[in-house]
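Notes to accompany the following structure.
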Amino acid sequence: MMWNNSGIVRVPVMRLKEHPFSSARTADEVLYGMAVLIREKVSKDWALLETAYGYRGYGRLSDLENREWSVRRWQKAVLYMVVSPSADVYEAPGYQDPYLFSLPRGSLVAAGDPEGRAGWCRVRLADGRGAYMRRGQLRPADALFYSVRTEEDKLRESLVRTAMSYLHTPYRWGGKTPWGIDCSGLCSMVYLLHGIHIYRDAGIREGYPVKEIPVCRMKPGDLLYFPGHMALYTGRLEYIHATGRAGEDGVVISSLDHRAPGYRADLASSVTAAGTVFGQSLTGAR
């Protein structure tokens, strides 16, 4: 990304809108510390933005840190990713010290000076301020759990385990956090937390690493697609997904087996495709 056309999200969650006004439907949520490309300024307050994973929408310029020197420093920094469901940010290393705000899983902060009490990590925020967070809630952003090509079984298990950590999260259209999430938000975040960028919406798109496979070849960690909906396959004919359906309203486990209590006839009868990132090189993919 070009520094003079880039911005860093400086609010815990920035909502990307389908149109440049507050009442427009949310298309995506971009999390703290993520970089976006400013494609076009459409007004004093709004711009067309593109995320690092190739998704576009309209966001408020006030939600971005876009001073060139600041963006330049951020893009050269060593970044940490929040891996707990939520992580508090403090002015000083202690629970009784002033609390600034909370960041959802997937947010990014820059590494600061290695000082502070045991268990605490000094970080730098998007606006340049120093702060403290619990060390156990962070990991290096570029650290991958497992290799797609050499540790497939472990990666599949980890994808399922991560998806299960969102169980019972409330449904939110366009959401991508443990505070509220939608179907494609769930699947894309699970993969993002493993260093893999898949398409944000419920479909298989060229230029992204997910390739279509026969449904009968699905394995745990693969993706399952329906009209306007998607899920992550967990094995044994079960899948985890975020749904706004009355009586469920959140992240739940459903089944393709008509004998199972979690059977969803409307979804089981409308599967359009299955997709996987395995069995291929991710070189050149988003």
Side-chain angles (χ1 to χ4, degrees), residues 1-17 27-42 45-84 87 89-91 100-116 121-133 135 137-145 176-177 185 188-189 191-200 207-209 282-286:
M1 289 185 179
M2 296 175 59
W3 287 318
N4 61 343
N5 287 328
S6 297
I8 307 300
V9 177
R10 65 179 185 182
V11 293
V13 178
M14 182 181 74
R15 292 178 176 85
L16 278 191
K17 299 288 188 173
D28 189 19
E29 291 181 340
V30 192
L31 309 184
Y32 190 94
M34 292 184 173
V36 295
L37 189 65
I38 301 172
R39 284 290 182 183
E40 179 186 1
K41 293 183 179 180
V42 297
D45 301 319
W46 292 87
L48 176 62
L49 307 177
E50 182 176 335
T51 68
Y53 43 91
Y55 204 77
R56 292 190 180 189
Y58 295 92
R60 287 185 176 277
L61 289 167
S62 59
D63 288 345
L64 298 177
E65 173 60 56
N66 61 358
R67 293 172 292 181
E68 183 175 348
W69 65 269
S70 186
V71 175
R72 182 190 297 267
R73 182 173 65 174
W74 190 264
Q75 293 186 338
K76 290 182 176 181
V78 175
L79 299 179
Y80 291 141
M81 178 180 286
V82 174
V83 291
S84 58
V89 180
Y90 291 87
E91 289 185 2
L100 297 175
F101 48 82
S102 297
L103 296 178
R105 179 186 286 148
S107 300
L108 300 172
V109 293
D113 298 328
E115 59 180 76
C121 181
R122 181 172 170 81
V123 300
R124 183 163 44 82
L125 303 177
D127 60 7
R129 287 181 295 167
Y132 290 85
M133 300 178 69
R135 191 176 302 277
Q137 296 176 329
L138 302 169
R139 69 166 171 81
D142 60 355
L144 300 181
F145 289 112
K176 273 187 4 191
T177 77
S188 62
M189 280 305 302
Y191 275 82
L192 178 65
L193 290 167
H194 291 80
I196 303 170
H197 287 166
I198 67 171
Y199 184 51
R200 167 64 171 91
Y208 291 82
L282 297 187
T283 302
R286 289 186 186 275

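Values below: every heavy atom of this structure, side chains too, minus hydrogens, waters and symmetry copies. If you're wondering where the values come from, they're calculated on a predicted model, not measured in any experiment.
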Measure across [X] and [Y] and return the closest heavy-atom pair with its distance rounded to 0.1 Å.
X	Y	result
Y132	R122	OH-NH1, 3.5 Å
P12	L103	CA-CD2, 4.0 Å
N66	S6	CB-O, 3.6 Å
P209	I196	CG-CG2, 3.9 Å
A131	V89	CB-CG1, 3.6 Å
W74	I8	CD1-CD1, 3.4 Å

L192 and R105: CA distance, side-chain angles, deciding distance, side chain to side chain contact (heavy atoms under 4.5 Å, CB included) verdict: CA-CA 11 Å; L192 178 65; R105 179 186 286 148; over 6 Å; no
Any side-chain heavy-atom pair from [X] and [Y] closer than 4.5 angstrom?
X	Y	result
V78	D142	no
L108	L31	no
L64	V9	yes

Who pairs with R60 by salt bridge (Lys or Arg N to Asp or Glu O under 4.0 Å), at least two apart in sequence or on another chain?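 R60 satisfies salt bridge (Lys or Arg N to Asp or Glu O under 4.0 Å) with no other residue.
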Using the test salt bridge (Lys or Arg N to Asp or Glu O under 4.0 Å), find all partners of D127 that sit at least two apart in sequence or belong to another chain.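 Salt bridge (Lys or Arg N to Asp or Glu O under 4.0 Å) list for D127, sorted by chain: R129.
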Residues V42, Y58; criterion side chain to side chain contact (heavy atoms under 4.5 Å, CB included); working and verdict: CA-CA 9 Å; V42 297; Y58 295 92; 4.0 Å; yes
Under 3.5 Å, side chain of [X] to main-chain N/O of [Y], donor-acceptor pair present?
X	Y	answer
Y80	Q137	no
S70	R67	no
E29	M14	no
R10	L125	no

Run V82 and M133 through side chain to side chain contact (heavy atoms under 4.5 Å, CB included) and show every step you take. CA-CA 10 Å; V82 174; M133 300 178 69; 4.0 Å; yes
Report the distance from atom [atom1] of [X] to atom [atom2] of [Y], rounding to the nearest 0.5 Å.
X	Y	atom1	atom2	value
E40	L48	CD	CG	6.5 Å
R139	M81	CZ	CE	5.5 Å
L16	E50	CG	CD	10.5 Å
L79	S107	CG	OG	12.0 Å
R15	K176	CZ	NZ	12.5 Å

Where do H197 and T51 land on the side chain to side chain contact (heavy atoms under 4.5 Å, CB included) test, with the steps shown first? CA-CA 11 Å; H197 287 166; T51 68; over 6 Å; no
Between Y53 and Y208, is a ring-ring contact (aromatic ring centres under 6.0 Å, His included) present by the stated rule, with each step listed? CA-CA 9 Å; Y53 43 91; Y208 291 82; 8.5 Å; no
Who pairs with Y199 by side chain to side chain donor-acceptor pair (under 3.5 Å), at least two apart in sequence or on another chain?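 Per chain and number, Y199 pairs via side chain to side chain donor-acceptor pair (under 3.5 Å) with R205.
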